[in-house]
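Fair warning: this is a prediction, and the values are worked out from it, not measured in the lab. For this chain, numbers begin at 1 and follow the sequence in order.
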Amino acid sequence: MVYLKNASAQDTTMVYHQPDKKYHISYDDILFVRILTGNPEMSALYNNAPTTGFSTSMTSEADQYINGFTVNEEGKIKLPVLGSLEVNGLTLQEVEKRIQSMADEYLIDATVIVRLLNFKVTVLGEVTRPGVYSHYNDNMTILEAIGKAGDVTDLGDKRNIMVVRTVPEGRTTFEIDLTKKVLMTSPAFFLKPNDVIYVKPSGSKAFQINLPTMSMILSSVTTIIVLLQYFDNQ
């Protein structure tokens, strides 16, 4: 079974109206914030960790939590020297501009970098490599996530994918059919941090699981019939 199988050649110029793919920051998100200047000692005053680059100061998940900036229950992050900044509901680009404006009041030629650190999704069910996958960008599609997990197995049902998403009110679910082009207009096409994707098994898997039991039952019935015929002929 192929993906988007009903997207014909005539669809090549069609534009599918998708939900806003820009991620809007929410509570408990963790942001990577760096304020860089030509003076390393001055830069160090405005950052949680040494300003030697992203890779060296964020080498593990623990580093991210320690050196990143967590959005608190008030929707704010607390930056060294600059103070609190409300970021809830903003995009990364908007936060970057606001911090840049704050930094320009104190620093000359400052460069601000903001990234999202906690973009992780969980892929479960009938995929080649189920697991938790990190993504260092502010958007990720369901197709990318399934690709990271090694694609749907032969026993998985591409027409029956469930996405579980945490929202302020609790949790909500989306039913996804990967074989239909309408997938690209779904609110779950672009994933959000901590989404859970569950690929359900197809009907053929249920048949294969039950096949040994069915074979045993049929074998027993056959044996009983043979024995009954034997005793009837005596």
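Between the side chain of Asn118 and the backbone N or O of Ile30 there is at least one donor-acceptor pair closer than 3.5 Å. A distance-only check finds no donor-acceptor pair linking the side chain of Ser101 to the backbone of Lys97 [under 3.5 Å]. Using a distance-only test at 3.5 Å, with no hydrogens or angles considered, a donor-acceptor pair links the side chain of Gln100 to the main chain of Ala110. Of the possible polar contacts, one joining the Asn47 side chain to the Ile35 backbone as a donor-acceptor pair under 3.5 Å is found. In terms of modelled atom types and a separation under 3.5 Å, the side chain of Ser186 and the main chain of Leu183 share no donor-acceptor contact. Side-chain atoms of Thr153 do not come within 3.5 Å of backbone N or O of Val127 as any donor-acceptor pair. Formation of a donor-acceptor pair under 3.5 Å by the Glu126 side chain with backbone atoms of Val152 is not found in this model. The main-chain N or O of Asp157 is never found under 3.5 Å from a side-chain atom of Asn160 such that the two would form a donor-acceptor pair. With hydrogens and angles disregarded, a donor-acceptor distance shorter than 3.5 Å links the side chain of Arg129 to the backbone of Lys148.
Looking at Val121 and Val196, their side chains never come closer than 4.5 Å, going by heavy atoms from C-beta outward. When side chains are defined from C-beta on, Met162 counts as touching Glu175, because their heavy atoms get closer than 4.5 Å. Counting only heavy atoms from C-beta outward, the side chains of Asn67 and Phe32 never approach each other to under 4.5 Å. Side chains of Leu90 and Arg98 form a contact here, defined as non-hydrogen atoms less than 4.5 Å apart. No side-chain heavy atom of Thr141 sits under 4.5 Å from any side-chain heavy atom of Leu191.
Cluster membership for Val199 and Val132, using ILVMFWY side-chain heavy atoms within less than 4.5 angstrom, is not shared.
Shown here for Tyr198 and Gly125, the closest heavy-atom pair between the two residues is CE1-CA, 3.7 Å. Val87 and Val71 get closest at one heavy-atom pair: CG2-CG2, 3.7 Å. What you find for Val167 and Arg171 is that their closest heavy atoms are CG2-N, 4.2 Å. Residues Leu116 and Phe119 share a closest heavy-atom pair of CD2-CD1, 3.8 Å.
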Between Tyr106 and Leu82, does the side-chain contact (heavy atoms from CB on, under 4.5 Å) criterion hold? Intermediate values first, please. CA-CA 9 Å; Tyr106 299 92; Leu82 299 181; 3.6 Å; yes

Kindly determine whether Leu36 and Ile113 satisfy side-chain contact (heavy atoms from CB on, under 4.5 Å), including the steps that lead there. CA-CA 8 Å; Leu36 304 175; Ile113 302 170; 4.0 Å; yes

Does the pair Leu178 and Ile161 meet the rule for a side-chain contact (heavy atoms from CB on, under 4.5 Å), with working shown? CA-CA 8 Å; Leu178 298 180; Ile161 312 292; 3.9 Å; yes

Passes salt bridge (Lys or Arg N to Asp or Glu O under 4.0 Å), Asp195 versus Arg165? Steps please. CA-CA 5 Å; Asp195 276 358; Arg165 176 168 297 167; 2.8 Å; yes

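A donor atom on one side chain and an acceptor atom on the other are not found under 3.5 Å apart for Tyr23 and Asn137. Side-chain contact of Asn39 with Thr37: a donor-acceptor pair under 3.5 Å is absent, judged by distance alone.
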